[in-house]
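Down below is the structure, laid out as structure tokens.
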Amino acid sequence: MENIDHKMIKVNGINMHIAEMGQGPVILLIHGFPELWYSWRHQITYLASHGYRAIAPDLRGYGDTTGAPINDPTKFTVFHIVGDLVALIDTIGVDKVFVVGHDWGALIAWRLCLFRPDKVKALVNLSVHFNPRNPLHKVVDTFRAAYGDDHYICRFQEPGEMEAVFASLGTKNVITKFMIHRDPNPFYFPKDKPFGDTLGTPIILPSWLTEEDVDYYTKKFDQTGFTGALNYYRCFDLNWELEAPWTNAKINVPAKFVVGDLDLVYNIPGAKEYIHNGGFHKNVPMLDEIVVIEGAAHFITQEIPNKVNKHIYDFLKF
């Protein structure tokens, strides 16, 4: 970890913090929520030792990246984030990169491939499969109709509301509760019982998550707050409007998908059928492999880094 270099780069009107290590072909690692470049710490060192230049940014609104107008959710669309990444790729002086994404980072990586396939050599996405745009139904309305107002995506919509809830719970508590969540059922965040009945129970960290890890996340989210991160969710419907020209468009980049069988996204009703019965491959024609890891939950880059590292390396080394 001490050999990881940290830099600030001006891209697309913001100051982006990147962590990087190694020499060779560039692998761009895109984090999710509520994460940071730090979520890739195991992958950065592994890939660097295997002949790659691993680069993990803090996305806009996160960590040490600054300059995004936090209080304007409309500045956090997938077009803004992809624009940041394209500018980063150009700034580091390469034409194309390998890409690995997790959670929101996977959603962003799918869009990077959709909008700018010329920038991507190949993709490994973790946890979140590609969902084509449904021209008839907005995203938040779809989740609300399926799960009600207490579903976390619905609860994250109102600016300021979840920030106040998280502040009342304490950053460290919030980070830990998200990270150790292993329930594959839909994630609800009711007003009277955020994090359900588990909130008052003692927290026992799993072996893969140390106090030092939690403290790093806590320090950075105390520094930034959660608004920037929550703005990604608040752009779901705006993204839906802006992505209209890409309705029915395919992902034409060589791809691999890895997910834990306990991942709540994998267990969304209909997801497994879509992933395994041809729908996913229809929308991602160059999808080479789908890997489901038994006993793994959502934060697999940290929970089972050795398995994830091997799946990334085995695909990208072609």
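Classified by interplanar angle (parallel below 30°, tilted 30° to 60°, perpendicular above 60°), the ring pair His181/Phe187 is tilted. Relative orientation of the Phe76 and Tyr232 rings is tilted, given thresholds of 30° and 60° on the angle between their planes. The aromatic rings of Phe143 and Phe236 lie tilted to each other, with the angle between the two planes from 30° to 60°. Ring planes of Tyr147 and His151: parallel class, angle under 30° (limits at 30 and 60°). In this pair, Tyr216 and Tyr38 present their aromatic rings parallel. The plane angle is below 30°, not in the 30 to 60° band.
Two residues are said to be in side-chain contact when any heavy atoms from C-beta on lie closer than 4.5 Å; Val265 and Val259 fail this criterion. Contact check for Gln23 versus Tyr52: no side-chain heavy atoms found under the 4.5 Å cut-off. Counting heavy atoms from C-beta on, the side chains of Thr301 and Asn309 never come closer than 4.5 Å. Two residues are said to be in side-chain contact when any heavy atoms from C-beta on lie closer than 4.5 Å; Glu241 and Leu238 meet this criterion. Between Asn283 and Ile251 the shortest side-chain heavy-atom distance does not fall below 4.5 Å. Considering only heavy atoms from C-beta on, Lys121 comes within 4.5 Å of Pro25 through its side chain. The shortest distance between side-chain heavy atoms of Ile275 and Ile290 falls below 4.5 Å. At least one side-chain heavy atom of Tyr188 sits under 4.5 Å from a side-chain heavy atom of Pro186.
Applying the 6.0 Å contact sphere to NZ of Lys250 captures more than 12 heavy atoms from other residues, nucleotides or ligands. In this structure, Asn185 places its CG atom where more than 12 heavy-atom neighbours from other residues, nucleotides or ligands lie under 6.0 Å away. The environment of Asp118 atom CG is dense: over 12 non-hydrogen atoms of other residues, nucleotides or ligands sit within 6.0 angstrom.
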| Residue pair Phe257, Phe130: steps toward the ring pair (Phe, Tyr, Trp, His ring centres under 6.0 Å) verdict | CA-CA 10 Å; Phe257 179 66; Phe130 176 68; over 10 Å; no

| query | When you look at His102 and Ser127, which way does the side chain to side chain donor-acceptor pair (under 3.5 Å) test go after all the steps? | reply | CA-CA 6 Å; His102 171 254; Ser127 298; 3.2 Å; yes

| Residues Phe33, Tyr62; criterion ring pair (Phe, Tyr, Trp, His ring centres under 6.0 Å); working and verdict | CA-CA 9 Å; Phe33 172 91; Tyr62 282 90; 7.1 Å; no

| task | Please step through ring pair (Phe, Tyr, Trp, His ring centres under 6.0 Å) for the pair Trp110 and His129, ending with a clear verdict. | result | CA-CA 8 Å; Trp110 290 124; His129 52 277; 8.6 Å; no

| field | Steps toward salt bridge (charged side-chain N to carboxylate O under 4.0 Å, His left out) verdict (Asp150, Lys191) | value | CA-CA 8 Å; Asp150 282 343; Lys191 291 184 178 181; over 6 Å; no

| task | Evaluate ring pair (Phe, Tyr, Trp, His ring centres under 6.0 Å) for His276 paired with Tyr266, printing each intermediate quantity in order. | result | CA-CA 11 Å; His276 297 292; Tyr266 182 62; 5.8 Å; yes

| Glu303 vs Arg182, salt bridge (charged side-chain N to carboxylate O under 4.0 Å, His left out): CA-CA, chis, key distance, verdict | CA-CA 11 Å; Glu303 180 186 346; Arg182 295 182 60 81; 2.7 Å; yes

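If you check the side chains of Lys272 and Asn267, you find a donor sitting under 3.5 Å from an acceptor. Side-chain N/O atoms of His31 and Ser39 include no donor and acceptor closer than 3.5 Å. A side-chain donor-acceptor contact under 3.5 Å links Gln223 and Asp64. No side-chain donor from either of His311 and Glu289 sits under 3.5 Å from a side-chain acceptor of the other. For the 3.5 Å distance criterion, the side chains of Asn306 and Tyr46 fail to qualify, holding no donor opposite an acceptor. No side-chain donor from either of Thr176 and Asn173 sits under 3.5 Å from a side-chain acceptor of the other. Judged by distance alone, the side chains of Asp103 and His298 do bring a donor and an acceptor atom under 3.5 Å apart.
Proximity of a side-chain donor or acceptor of Asp288 to a complementary backbone N or O of Lys256 within less than 3.5 Å is not detected. Proximity of a side-chain donor or acceptor of Gln157 to a complementary backbone N or O of Ile153 within less than 3.5 Å is detected. Between the side chain of Thr218 and the backbone N or O of Thr171, no donor-acceptor pair lies under 3.5 Å.
The structure places CG of Leu29 at 6.0 Å from CD1 of Ile44, a figure rounded to the nearest 0.5 Å. Note that CZ of Phe226 is 13.0 Å distant from CG of Asn231, once rounded to the nearest 0.5 Å. Note that CD1 of Ile268 and CG of Asn131 are 7.5 Å apart. Values are rounded to the nearest 0.5 Å. Of the inter-residue distances, the one linking Ile300 atom CD1 with Asp263 atom CG reads 7.0 Å to the nearest 0.5 angstrom. The OG1 atom of Thr45 lies 10.0 Å from the CG atom of Asn3; values are rounded to the nearest 0.5 Å. Note: Met286 CE to Cys113 SG = 10.5 Å, rounded to the nearest 0.5 Å.
The hydrophobic clustering, which links ILVMFWY residues whose side-chain heavy atoms are closer than 4.5 Å, places Val94 and Val82 together.
Note that Arg133 lies outside the cation-pi zone of Trp246, set by a 6.0 Å cut-off to the ring centre and a 45° limit from the axis.
Counting all heavy atoms, side chain and backbone alike, Trp37 lies closest to Ala19 at CE3-CB, 3.4 Å. Contact between Gly61 and Ala68 at its shortest, heavy atoms only, is N-CB, 4.5 Å. A pairwise comparison of heavy atoms in Arg60 and Ile81 identifies CG-CD1, 3.3 Å as the closest pair. In plain terms, the two heavy atoms of His6 and Ile4 that are nearest each other are CD2-O, 3.5 Å. Nearest heavy atom pair, residue Val124 against residue Ile312, reads CG1-CG1, 4.1 Å. Minimum interatomic distance between Ala229 and Phe221 (heavy atoms only, all atoms of both residues): CB-CE2, 4.4 Å.
The pair Asp149-Arg144 meets the salt-bridge criterion, with a side-chain N (NZ, NE, NH1 or NH2) lying under 4.0 Å from an Asp/Glu carboxylate O. Salt-bridge formation is detected for the pair Lys119/Asp90: a Lys NZ or Arg NE/NH1/NH2 atom is positioned less than 4.0 Å from an Asp or Glu carboxylate oxygen. Using a cut-off of 4.0 Å between Lys/Arg side-chain N and Asp/Glu carboxylate O, Asp213 and Arg41 are scored as salt-bridged. Between Asp237 and Lys138, none of the side-chain N atoms (NZ, or NE/NH1/NH2) sits under 4.0 Å from a carboxylate O, so this pair counts as no salt bridge. Comment: Lys220 does not engage Asp58 in a salt bridge, judged by the lack of any side-chain N to carboxylate O separation of less than 4.0 angstrom. Ion pairing of Arg234 with Glu163 is present here, as a side-chain N (NZ or NE/NH1/NH2) and a carboxylate O approach within less than 4.0 Å.
The residue from Tyr233, Phe195, Tyr152 that alone fulfils the ring-ring contact (aromatic ring centres under 6.0 Å, His included) condition with Phe189 is Phe195. Each of Leu59, Asn12, Val97 was checked for a side chain to side chain contact (heavy atoms under 4.5 Å, CB included) with Leu85, and the lone residue meeting it is Leu59.
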